[in-house]
Every structure is written in structure tokens, then in C-alpha cells.
Amino acid sequence: MQILLDNADFASRMLQQVANGLTKGSVYALVAVGYTMVYGVLALINFAHSDVYMLGAYFAYYPARWLGYMPDTAEKPKAPFWLMGMAFLGAMAACAFIGALIERLAYRPLRNASRLAALITAIGVSIFLQNVGQMAFGADPKSFPRYVDQSSVNLGVISVGNTSILIIVVAFLMMAALHLFVQKTRTGAAMRACAHDMKTARLMGINVDATISITFALGSAMAAVGGILVAMDQPRLTPTMGLLMGLKAFVAAVLGGIGSIPGAALGGILLGVAESLVGGLWDTTYAEAVSFVVLIVVLLVKPSGLLGRAGREKV
Amino acid sequence: MSKPILELADVNVYYGAIHALKGVSLSVRQGEVVTLIGANGAGKTTTLATVCGLMRPRSGTVRYGGEDIGKVPTHQLVARGLVMAPEGRGIFPALTVEENLRLGAYARRDKPGIEKDLQHGFEIFPRLAERRRQRGGTLSGGEQQMLAIARALMSQPKLLLLDEPSLGLAPLIVQTIFETIDQVNKQGVTILLVEQNARIALKHSHRAYVIESGEISIEGESAALLDDPRVKAAYLGES
Ligand SMILES: Nc1ncnc2c1ncn2[C@@H]1O[C@H](COP(=O)(O)OP(=O)(O)O)[C@@H](O)[C@H]1O
Ligand SMILES: [Mg+2]
């Protein structure tokens, strides 16, 4: 009887961790698509991507703050729903613009330069954005406004935060929309053609520069959504909040197969669940090491990742 | 005599310090098949790349339909009917035959016209119709060349640039490809054809230029070049 109880308890703890992992993993997936799409087209690891994620969260912070909706002040009301919608759309648009601008100013002039030059530039842009963030927003953490009141939802043996459900649902919808866009639209076809062979894409009449701009813009808008969702769940913003997220999302992209959008989704979910299981059933300090272990194992065993195309060495 | 659709005047092109085209001048008139023959490394591919805007001349002019296109990006030239089937064919190996063909029509918006041309392409190349859902990378060399030409036709070219369509193909397939080139030309497409296989290129063209180390050395009617002793010695393996 005791063993049965223990087993039931263990199973519910497992389930709880899987739910937590799905939440984390959904955000990894949202950020990972930006890495994977840019890498797919330019063979460039866009280190600045994680900082665009950070900017997304801040862009959703300021409108609510300016209008006086702040947390920890019980007398102030919760930000209205329309403001949340505006925050999402505004941050996505602003990050899309910034992502495309980064490509235009920093990466395009180096399109024909060595890969190392582009990589170092990407690191430089990332450091630059973090410093701009510190100057513009301050290095001290900011509390994210109350766009939603956190509560927990009871699902039988486990309970899940309402923000977790929001994250999973929004991330799933965004990923599905992106996938459809890339597979079904004319612009999506251009993106895929550029990822396969940029010179031939040009000969098909595709405006390669415009397509690359769109690729950066789309990835950046997805990262902005990720930043806002995380801030709703853990309402603490810092200019360096992108660092760890960027690392994990990159590992998720590699795990899924860099260049593949469904791969980024799968890699993100798997990494999130793996981290949560290790953290919840073993030790939270080990959870942070999971992504490093995964990265090393993937690079050793299957560098093309789970859903990636083999034999397309771009680095 | 019909007016030139393409004119290169004293074009110089460099790869860094390498002077690849040294004052190349040539013209292609509406309705013609013109061939540019030359040995490996002579500058044939560079000439085509310069025409379609993948390379830019350091000096000299490239005119298409009378207009200087020295600064027009490649994708806009495609929309204006200047289309290239590149050396090595440039098939997207992971995409199906049909997806490859549809990408050829990327610059077009006329859905019914695209469907009609797709069917037309399958009529010209029944082999491609059979392999419609097969990935481009699984095709044989000859089939890939057919796909490259069919895909270029999907862009509705006025001037079609072909870079060594015979490369690496068995003689029988080469024959088929060149018959198709004749057929495409008869349907009104002007063609600039680059070849190392001088004999077949001269047989299937109206006029020809010979390029040597980045310079045009001989030009004339293709039939005349077939009898030219210099061409015979250097390019037709006769003495
Ligand atoms: N990407 C390149 N970088 C440097 N040199 C090149 C490049 N492409 C071609 N060349 C040089 O330019 C010359 C002409 O090459 P190309 O036009 O490819 O000749 P062809 O097509 O007639 O074989 C050759 O000497 C070749 O070595
Ligand atoms: Mg060549």
C-alpha cells in the first residue's frame, strides 16, 4: 500500500514536472525559431537574438508603466486586456523592425566576409544591445506590470499556473502560424529557397535581401512574444535576461536540427521537459547543466539534430 | 535585321585582382540563338553572370532591351524576362520537381498562366511529369538539366541564358537537350548559350563568339565557324 502511494506520488510529481517543462520548452521553442531561421539562410549564429528577446519584454513593460498600471500596488488596477493586446503587437512590431535593422546595419555589409568576422560582429551587437539596455532601462531589475492575475488551475493530480497555460497556448499558436506561413505562402517559399541556395534563389526572381530582412523580422517578433510571456510568468526584467534564454534556445535549435522550424519546436519542448525532470526529480542545480550536456551529446552523436537535414555543413 | 536584345560593350570584370573579362563586346538579336564557346576558365560563366547581374562590370556597359542594366538587381531582371539556367543546373535537391518548377514562376502573379506553363513544361519533358513528386536531388544528370531548362521557362524568359547544358551528359541526352533548345527558340525565346562542346553548340546556333582568356577572339556565323581552321584546330579536335 505504501509502495502504491509512493508510486502515485512519484507519477504526479513526474506529471507536474512535465507540465513545468512544457511551459519552459514552449518559450525555448519561440526563441529557437529565430536562431534556426537565420542560421538556415545565412549560416550565422545571431547572438543578438537573445537581446531582441529582452527588448520585447521591456517594450511591453513601458506602455503599462506610463499609463500607471504597475504591480505591487494594490490600489492600482490590473492593466486592461486591450493594453495587453497592444503591448504584444507593439513589442512584436518594434522587435521585428530592430531585428531587420540589425541585419541591415551589422550583418549585410559582411555577407561576403569570412564567417568568423560575422560571428564576432554578432557577439559585438549582442554586447552593444545589453549596454544600450542598461543605459536606457537601468541595470536594476524591473517588475513587470500586472497584465494577468496569476492563479493556479487544478488539473486532477497536478496544478498548473494560468500563465503556464497561456504560454503553452500562445506559443503553440504562434509556432503553428509561422509553420503555415513558411510552408504555404509565396514569401515562405522564398525563405525556403534562400535557405537551400541563395544564388539560385536570386535566379528564380527572388529578392534575396528583402527575404533575409523578413526572416530576421519574423524571428525577432517570435522572440518578443517569448520575452513577454516569460515576463508574465516571472515578472522580473533585467537587461541581461536574454543571456541564459539565448543559450538554451540555441541548444534547442541545435537539438531539433538547426535550420528546421518543426525541429526548433521539438528541441525546445524536449529541452524544457528534460530540464524540469532533472531539476524536479533530482536537483535543481543540475537542471542548468542539462542544456550543456545536450549540446555536447548532439554535436558528438548527431550534429544535424533530430529533424535536421544531414550533409549540409554550414559552419 | 532585328534589333539587339542584349549588347555588351567593352565590359571588364574582375574577381579581386583577377581580370576575368577584358573588354568583352557582343550582341544578341531578338530571336537568335547565339553561342559563346571557349575552353575551361576562358570567362564564359563570368560573362553570363555579368549579364544577369550576379557580377558587376568595373567598366563597360550591359544593355538589355536598349536599357543599361549595370545596376539592376538580378531578381528584377528575371521579372523582365532575362533568365539564366546556371552552370551545374542549380536544382534545389530537397524540393520536388514540381516545387522546383513553381519557384521558376516566383516572379509571376498570373495563376492560370502558371498552371498552363507547368503543363506545357511537362509536355516538353514527359520525364519530368513522371517524376513530378520526386525530389530534385534524386534525378539523373540529364533529368536535372531538363528540370533546369523547364524551370527557367516557367519565368517566361525573353532572353534565356544557358550555361553548359551538355556538361557531364551522355551524347544521346545532349542531343535531346539541344533539340529542346531549338524548339524553345522556335517558340520565340532568344537564347545565349555557353558551351565547351563547340561542335554541337555551333550546329544549334545562328551566330557564335569564341572567348579566350577573357577576350573575344573570333566571331561570326556558326556555320562559318564550323569551317574556320582556327576553330577546327582548337575546339573541334580536327587539324
Ligand atoms: N569566384 C571566383 N574567384 C576568383 N576567380 C574566379 C572566380 N570564378 C572564376 N574565376 C576566374 O575567372 C576566370 C573565368 O572563369 P569562368 O568565367 O568561370 O570560366 P568558364 O566558365 O569559361 O570556365 C578563370 O580564370 C577563373 O579562374
Ligand atoms: Mg563555366
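To find a chain, count down the sequence lines: A is the first, B the second, and so on, and within it residues start at 1. Nothing here was measured: the structure is a model prediction, and the numbers come from that model. Only this structure's heavy atoms are used, side chains among them; waters, hydrogens and symmetry mates stay out.
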When rounded to the nearest 0.5 angstrom, what distance separates NE2 in A:H196 from CD1 in B:I91?
12.5 Å
Any chance you could measure B:Q76, atom CD, to A:N207, atom CG, to the nearest 0.5 Å?
7.5 Å
In terms of heavy-atom contacts, does CZ of B:R135 have more than 12 from other residues, nucleotides or ligands at under 6.0 Å?
no
Quick one: which of B:L77, B:V78, B:V83, B:L82 has the most heavy-atom pairs under 4.5 Å with chain A, could you say?
B:V78
Does A:R104 CZ have over 12 foreign heavy atoms under 6.0 Å away?
no
Could you grab the distance from atom OG1 of B:T74 to atom CE of A:M204, nearest 0.5 Å is fine?
11.5 Å
Do other residues, nucleotides or ligands put more than 12 heavy atoms under 6.0 Å from A:K302 NZ?
yes
Which atom pairs, one a donor and one an acceptor, fall under 3.5 Å between side chains of residues 168-186 of chain A and the rest of the protein, sequence neighbours left out?
{"residue": "A:T185", "atom": "OG1", "partner": "A:F181", "partner atom": "O", "Å": "2.6"}
{"residue": "A:T185", "atom": "OG1", "partner": "A:G188", "partner atom": "N", "Å": "2.9"}
{"residue": "A:R186", "atom": "NH1", "partner": "B:Y106", "partner atom": "O", "Å": "2.1"}

Okay, B:R109 and chain A: the region with an atom under 4.5 Å from a heavy atom over there is side chain
Counting only heavy atoms closer than 4.5 Å, note whether B:L95 contacts chain A via side chain, backbone, both or neither.
side chain
Give, for atom CG of B:L103 and atom CG of A:L203, the distance between the pair rounded to the nearest 0.5 Å.
12.0 Å
Where does B:R102 contact chain A at under 4.5 Å (heavy atoms): side chain, backbone, both or neither?
neither
Which answer fits B:L54, side chain, backbone, both or neither, if we ask what part of it has an atom under 4.5 Å from a heavy atom of chain A?
side chain
Between the CD1 atom in A:I206 and the NE2 atom in B:H75, the distance rounded to the nearest 0.5 Å is 10.5 Å
